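One structure is given below, encoded as structure tokens.
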Amino acid sequence: AQKVTQAQTEISVVEKEDVTLDCVYETRDTTYYLFWYKQPPSGELVFLIRRNSFDEQNEISGRYSWNFQKSTSSFNFTITASQVVDSAVYFCALSEAPGGSYIPTFGRGTSLIVHP
Amino acid sequence: EAGVTQFPSHSVIEKGQTVTLRCDPISGHDNLYWYRRVMGKEIKFLLHFVKESKQDESGMPNNRFLAERTGGTYSTLKVQPAELEDSGVYFCASSQDMYFQETQYFGPGTRLLVL
């Protein structure tokens, strides 16, 4: 069965600090997709990134970067020079190839608080 | 293009009452999903519609929950009668296709509190 673990319940940082949100997953499939979503105080889940299991290249988008390591089954998310607007709950999710479940499994979320 | 919308944003009801949540997916998205997050826990799948048909309702907790999607457009999720453990945030999501790599786009959620 698939499982996503976000061990950090809450992280508190001061603006301009770098912060990494951890995501560890379990799956028996060799083909799967990983996602990160952001839930700001307004409530909606905002899609951030999708990564397939065959692409281990790290991705950078502005201040956001993602480190995918199959060897450790991790898909960590780093925010560089954090800002107050980054304060949100961040969810990691996994969906498996046909034969597995295409419905994503979510972690419990990590609440990030960025103080001015 | 409008995103997924949900109504109401909040609902506070007493145990035993009925509540109906509504979701309007992104226009053109045949796939509509309902999820629930109980405070501090994972977002859990409830069910999936493809157009007006229920593709997968394995996550529905019990027969107090009834979901419909008449005409394949918006969907409603009714809880009757509501119990205390039904409290949580109910999310709706939609996607163009139902493949595992497909990104689901979520609405803002409905916060339900059962007293």
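Since the model is a prediction, treat every value here as computed from it, not as a measurement. Both backbone and side-chain heavy atoms feed into the values below; hydrogens, waters and symmetry mates do not.
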Could you tell me the separation between the [atom1] atom of [X] and the [atom2] atom of [Y], rounded to the nearest 0.5 Å?
{"X": "B/Ile43", "Y": "A/Gln39", "atom1": "CD1", "atom2": "CD", "result": "6.5 Å"}
{"X": "A/Tyr37", "Y": "B/Gln104", "atom1": "OH", "atom2": "CD", "result": "5.5 Å"}
{"X": "B/Glu42", "Y": "A/Gln6", "atom1": "CD", "atom2": "CD", "result": "9.5 Å"}
{"X": "B/Phe45", "Y": "A/Thr105", "atom1": "CZ", "atom2": "OG1", "result": "10.5 Å"}
{"X": "A/Ile103", "Y": "B/Tyr33", "atom1": "CD1", "atom2": "OH", "result": "5.5 Å"}
{"X": "A/Arg108", "Y": "B/Met39", "atom1": "CZ", "atom2": "CE", "result": "13.5 Å"}

Common cluster, [X]/[Y], ILVMFWY with side-chain heavy-atom separation under 4.5 Å:
{"X": "B/Val79", "Y": "B/Phe7", "value": "no"}
{"X": "A/Phe47", "Y": "A/Val85", "value": "no"}
{"X": "A/Ile11", "Y": "A/Ile79", "value": "yes"}
{"X": "B/Tyr74", "Y": "B/Val50", "value": "no"}
{"X": "A/Val24", "Y": "A/Phe35", "value": "no"}

Could you please state which residues from residues 106-115 of chain B sit under 4.5 angstrom from chain A, measuring non-hydrogen atom to non-hydrogen atom, sorted by number, or 'none'? B/Phe106, B/Gly107, B/Pro108, B/Arg111
Quick check on the 6.0 Å ring-centre criterion: do B/Tyr35 and A/Phe106 meet it? yes
So for atom [atom1], which belongs to [X], do other residues, nucleotides or ligands contribute more than 12 heavy atoms lying within a distance under 6.0 Å?
{"X": "A/Lys38", "atom1": "NZ", "answer": "yes"}
{"X": "B/Glu85", "atom1": "CD", "answer": "yes"}
{"X": "A/Lys3", "atom1": "NZ", "answer": "no"}
{"X": "A/Ile60", "atom1": "CD1", "answer": "no"}

By the salt bridge (charged side-chain N to carboxylate O under 4.0 Å, His left out) test, which pairs, at least two apart or in different chains, include something from residues 76-93 of chain A? A/Arg63-A/Asp86
Side chain, backbone, both or neither: which part of B/Gln6 has a non-hydrogen atom closer than 4.5 Å to chain A? neither
